[in-house]
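Since this is a predicted model, take the numbers as computed values, not measurements. FYI, side chains are in, hydrogens and waters are out, and symmetry mates aren't considered; it's all heavy atoms of this structure. Below, chain A is the first sequence line, B the second, and so on; all start at residue 1.
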2 protein chains.
Amino acid sequence: MKPITVLLVDDHLVVRSGLKALLGTQPDIDVVAEAASGEDALALAEQLSPAVVVMDLAMGPGMDGIEAIKQLRRQNARQAVLVFTTYDSDADIVRAVDAGAMGYLLKDAAPEEIFAAIRGAVQGKSVMSAPVASRLFQQLRNPDEILTPREAELLSLLIEGLSNRELGRRLFISEATVKTHLAHIYAKLGVETRAAAIATAIRREGMR
Amino acid sequence: MKPITVLLVDDHLVVRSGLKALLGTQPDIDVVAEAASGEDALALAEQLSPAVVVMDLAMGPGMDGIEAIKQLRRQNARQAVLVFTTYDSDADIVRAVDAGAMGYLLKDAAPEEIFAAIRGAVQGKSVMSAPVASRLFQQLRNPDEILTPREAELLSLLIEGLSNRELGRRLFISEATVKTHLAHIYAKLGVETRAAAIATAIRREGMR
DNA sequence: GGGCGTATCAGCCAAATGGCTGAGAGACCA
DNA sequence: TGGTCTCTCAGCCATTTGGCTGATACGCCC
């Protein structure tokens, strides 16, 4: 039985070496290379074709994890990509899965969970940490929460801190209409005040 | 020459083992224990009195890093505390330094920088990563914008989306006082509404 | 043609928020 | 001792926001 070859991608040296040490305890998992950037990851994946790529999403300047996953898919490499990141923002999860990630793990996952995810990934099984899965599930289960294009537009201005009057001016609609849209947005987000809407919107979407 | 004893505190196993491996390459640095929570950290610090405590700020549920630092100071332990974290938010830096941290390192710091910080810490030298230092410098240059501890506390709840009444209840103060604090916060942040305050706070501080 | 979703607007009223002034208590420092 | 900072609270008033009901118009689909 050949060991599973793994490429680690993370811009933090300590995370790479920690993960490497952790995976080193498993005889059937073999870390063959490490990359500190998306660019390096692509080159190494091409060159070594590891079975699994374990990738952080946030990677400082340059190509981010999502973009790296997309590129990997394009250069029709057949390795499975596992996202291994600190935060479970809704937008990141959706984007990563969309880009072709096989799994989504949080950095505080138990070691066994990480091993299982890697073994599962090579067999085409998709694995995600419990909190991640529940978030994704909620998104799918609750189509009510999908904002209309206009609402999304308004929300994106709302989180800039604009008042109703300013929102109306910016979108060429009356304040009354602004209030209507806001009421719908609040209902969909499950909040009651604009402050809470801003807070949850930024957190849910990873917006900045 | 006795080696410098170090206690690692981070809720992520991979970070701990990576850092341990990294520090293990230095003969004069000796990792004597690891803790995954603030509570554990306090107990271990008491028991082992390491020379330096290297601590992450974000640590899941329970006591956060800042609180752990404060407690460490209180139980008049003489170990130097080095903050070792992913993000360089303004508020975190100020709060950590305020709580008594000797240094503030980012996780993507170079290994040499980390070693130097630990060696410096035992000699009472405070070390921080370049981006952190520049932020702190800006804060000092602009004393108007420094929030008082109470204001920072209020702000951190504000960005959760709480109303004035809820803020008052949570902090055991009247709504009138909440409004006073808010007015000061708005002035310091240069905004006029709570929505804008939330938006700029989250953007400026990288809060989540 | 009749629904359905989306976007637009109005008016009314209660509640929340923000701006203002003023003030007392405690801590810290020169 | 006096000055400064911080935290606390009060009252007043204008503005903003949120909840409600109801309405028109456009496009899409069956």
| said: Of the listed nucleotides (D:dG19, C:dG19, C:dT8), which one gets closest to any side-chain atom of A:His181? | reply: C:dT8

| In whole angstroms, how far is the P atom of C:dT6 from the NE2 atom of A:His184? | 10 Å

| message | What is the separation between atom CD on A:Glu192 and atom P on C:dT17, rounded to the nearest whole Å? | response | 12 Å

| Could B:Glu166 and B:Arg169 be called an ion pair, given the rule that one side-chain N must be under 4.0 Å from one carboxylate O? | no

| remark: Atom CG of A:Leu167 and atom C1' of D:dT17 are separated, to the nearest Å, by 12 Å

| remark: Winner on side-chain proximity to A:Arg150, out of C:dT8, C:dC9, D:dA10, is C:dT8

| query | When you check the phosphate oxygens OP1 and OP2 of D:dC9, does a side-chain N or O of B:Ser174 lie under 4.0 Å from one of them? | reply | yes

| note | Atom CD1 of A:Ile173 and atom P of D:dC26 are separated, to the nearest Å, by 18 Å

| remark: note: B:Arg169, atom CZ; D:dT8, atom P; distance rounded to Å ~ 17 Å

| message | Let's see if you can work this out: which of C:dC9, C:dA7, D:dG18 has an atom nearest to the side-chain heavy atoms of A:Thr193? | response | D:dG18

| said: Can you identify which nucleotide, out of D:dT17, D:dG18, C:dT8, has its nearest atom closest to the A:Tyr186 side chain? | reply: D:dG18

| Side-chain H-bond candidate by donor/acceptor type, B:Thr177 with B:Thr180, under 3.5 Å | no

| request: Ignoring the backbone of A:Thr177, work out which of D:dT8, D:dG18, C:dC9 is nearest its side chain. | output: C:dC9

| Between C:dG19, C:dC9, D:dT17, which nucleotide gets closest to the side-chain atoms of A:Ala176? | C:dC9

| Between B:Asn164 and C:dA16, is there a side-chain N or O to OP1/OP2 distance below 4.0 Å? | no

| query | So, B:Thr5 side chain and B:Asp30 main chain: donor-acceptor pair closer than 3.5 Å or not? | reply | no

| task | Find the distance B:Leu155:CG to D:dC7:C1' and express it as a whole number of Å. | result | 17 Å

| query | Contact class for A:Glu175 vs. all strands (heavy atom < 4.0 Å): base, sugar-phosphate, or nothing? | reply | nothing

| Distance (rounded to the nearest 0.5 Å) between B:Leu155 CG and B:His184 NE2 | 14.5 Å

| remark: Per side chain to side chain contact (heavy atoms under 4.5 Å, CB included), A:Leu57 is matched among A:Asp10, A:Val83, A:Val9 by A:Val83

| message | Could you measure the distance from the CG atom of B:Leu23 to the CG atom of B:Leu8? Nearest 0.5 Å is fine. | response | 6.0 Å

| message | Distance check needed: C:dT17 P versus B:Ile185 CD1, whole Å only. | response | 14 Å

| Which nucleotide in C:dG18, C:dA10, C:dT17 has an atom nearest any side-chain atom of B:Lys179 | C:dG18

| request: Take B:Phe172 and A:Leu182, find for each the nucleotide of DNA chain D with the closest heavy atom, and name the residue whose nucleotide sits nearer the 5' end. | output: B:Phe172

| request: Give the nucleotide from the list D:dC9, D:dT16, D:dG18 with an atom nearest to the side chain of A:Arg194. | output: D:dG18

| request: Kindly point out which of D:dC12, D:dT8, C:dT8 is positioned nearest to the side chain of B:Thr180? | output: D:dT8

| query | How many Å lie between CD on A:Glu151 and P on C:dA7, as a whole number? | reply | 6 Å

